[in-house]
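Report on one structure; see the data block that follows.
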Amino acid sequence: MTFPHTLRIAETAAEAGEMAAAMLAEAIAARPSIVLGLATGGTMRGVYASLLARQTRGEVDLTQICAFNLDDYLGLGIEDEQSYATEMRRVLFAPAGIDPRRCHIPNGRAADPAKEGDRYEAAIRDAGGIDLQLLGLGVNGHIGFNEPGSLPQSRTRVVDLAPQTIVHNRKHFPPGADVPTRAISMGIATILEARRILVLATGAVKADAVSAMLERPPSTDCPASFLSRHGQVSVVLDRAAAARIGPVRAP
Ligand code: F6R
């Protein structure tokens with residue numbers, strides 16, 4: 001099997017999150033100042049909770065990592081409750097005690113959003129590039145907010161969210177609140193430059209996207225399928241997310 005480099009299937013979503021956290025903790029232990037690419041969303045909450053628990057038990061020190069998040073909503077920033085910047089501060093950066101200067105995320109409130117992508121790409125380059133990129137998977141196969149139609153050469157930029165993504169994300173906003181329709185996201189080329197990639201997907205709702213990512217030729221229909229062009233991708237699934245992949249891959 002050439003893609004992914006490793007595939008691990010846990011029985012439950014909680015176990016899959018623990019597996020991903022263990023892989024991250026191992027990488028951090030090997031290089032405490034590692035540059036991590038991070039993701040937000042429901043799938044990652046268990047991963048970050050597990051990393052924090054490991055730090056409390058003295059098994060890992062998160063304080064020296066440098067983080068670059070994939071994306072944030074256009075128009076929302078650290079001042080906004082629903083921004084990914086606020087979410088990351090709440091679920092990982094503040095409780096882990098990571099200096100905010102080491103925590104990067106595209107600024108959804110940038111004065112000139114068209115230039116924010118270039119600034120972010122330069123910041124990643126200045127940090128020496130991303131050592132390990134953690135990715136979730138959208139129900140439509142998106143990675144970051146690279147929705148279907150995104151090109152493999154895409155870079156950090158303003159993107160329109162797919163209608164399906166807006167519906168999926170509505171649950172994170174109070175009833176009646178406007179859900180953002182645009183975001184600033186790392187591009188597919190940006191993601192593919194990471195030295196290693198770890199994809200975590202759980203739940204039956206992701207089963208079709210997982211199958212398209214692993215078993216269909218690379219295509220803009222499923223942006224995650226471009227990960228097959230990278231030589232160091234690990235995929236962690238739970239049994240429900242693995243339900244539609246073939247028996248050779250998912251024994
Ligand atoms: C979030 C991100 C997205 C999510 C994906 C899965 O920063 O980039 O690609 O990883 O939408 O979201 P959940 O985990 O909420 O299903």
Side-chain angles (χ1 to χ4, degrees), residues 10 12-14 16-17 20-21 24 36-50 67-74 76-78 80 82-93 103-108 117 120 124 130 132-150 154-173 179-188 190-192 194 197-210 212-213 222-227 233 235-238 240-241:
T12 66
L24 287 167
L36 290 178
L38 296 178
T40 41
T43 314
M44 299 304 155
R45 300 242 170 87
V47 177
Y48 298 144
S50 172
F68 283 90
N69 264 79
L70 284 162
D71 43 23
D72 208 339
Y73 293 115
L74 191 69
L76 300 189
I78 194 76
D80 301 290
Q82 316 301 335
S83 70
Y84 284 171
T86 298
E87 156 105 357
M88 286 306 297
R89 185 175 56 185
R90 188 172 51 225
V91 301
L92 185 66
F93 298 149
C103 305
H104 306 268
I105 189 159
N107 180 6
Y120 203 63
I124 294 172
I130 291 171
L132 175 57
Q133 175 69 54
L134 177 64
L135 294 177
L137 184 64
V139 287
N140 60 2
H142 74 209
I143 46 175
F145 276 140
N146 295 286
E147 302 284 23
S150 300
S154 54
R155 292 267 162 201
T156 309
R157 71 212 182 285
V158 174
V159 294
D160 290 322
L161 300 181
Q164 205 179 1
T165 302
I166 297 168
V167 170
H168 182 76
N169 290 350
R170 187 175 292 282
K171 61 179 179 289
H172 301 301
F173 287 79
V179 181
T181 58
R182 296 205 292 168
I184 301 181
S185 176
M186 276 189 207
I188 296 175
T190 323
I191 291 169
L192 290 176
I197 294 176
L198 170 57
V199 185
L200 173 64
T202 59
V205 72
K206 303 289 173 69
D208 283 336
V210 166
M213 168 177 74
C222 175
S225 64
F226 289 114
L227 296 174
V233 181
V235 174
V236 176
L237 306 172
D238 67 355

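Both counts, for ligands and for their atoms, begin at 1 and track the order of listing. None of the values given here were measured: they were computed from a predicted structure.
Of all the heavy atoms in Ala162 and Asn140, the pair that sits closest is CB-ND2, 3.6 Å. The two residues Leu198 and Ala20 come nearest to each other via the heavy atoms CD2-O, 3.9 Å. Minimum heavy-atom separation, Ala204 to Ala240: N-CB, 3.5 Å.
Protein heavy atom in closest approach to atom 8 (O) of ligand 1: Asp71 OD2, 2.7 Å. Nearest protein heavy-atom contact of atom 13 (P) of ligand 1 is Thr43 OG1, 3.5 Å. At the top of the distance list for atom 15 (O) of ligand 1, counting protein heavy atoms only, stands Gly42 N, 2.9 Å.
If you number the atoms of ligand 1 from 1 as listed, the ones under 4.0 Å from a heavy atom of Gly136 come out as 10 (O). Each of the following atoms of ligand 1 lies closer than 4.0 Å to a heavy atom of Leu70: 8 (O). Set against the non-hydrogen atoms of Gly144, the atoms of ligand 1 under 4.0 Å away are 2 (C), 3 (C), 8 (O), 9 (O). The distance from ligand 1 to the heavy atoms of Lys206 drops below 4.0 Å at these ligand atoms: 6 (C), 13 (P), 16 (O). Near His142, with a cut-off below 4.0 Å to any heavy atom, the atoms of ligand 1 are 3 (C), 5 (C), 9 (O), 11 (O). Each of the atoms 14 (O), 15 (O) of ligand 1 lies under 4.0 Å from some heavy atom of Gly41. Taking a cut-off of under 4.0 Å to the non-hydrogen atoms of Thr40, the atoms of ligand 1 that pass are 1 (C), 4 (C), 7 (O), 10 (O).
Under a cut-off of 6.0 angstrom, the local environment of CZ in Arg182 is sparse, with at most 12 non-hydrogen atoms contributed by other residues, nucleotides or ligands.
Counting heavy atoms under 4.0 Å from ligand 1, residue Leu137 touches it through the backbone alone. By the criterion of a heavy-atom distance under 4.0 Å, neither the backbone nor the side chain of Met44 is placed next to ligand 1.
Side-chain contact between Leu227 and Leu192 is present, with at least one heavy-atom pair separated by less than 4.5 Å. Glu147 places none of its side-chain heavy atoms less than 4.5 Å from the side chain of Val159.
The only option from Thr202, Leu200, Val47 that meets the side-chain contact (heavy atoms from CB on, under 4.5 Å) definition with Val236 turns out to be Leu200.
In summary, the side chains of Asp80 and Tyr73 do not present any donor paired with an acceptor at a separation below 3.5 Å, with no hydrogens or angles considered.
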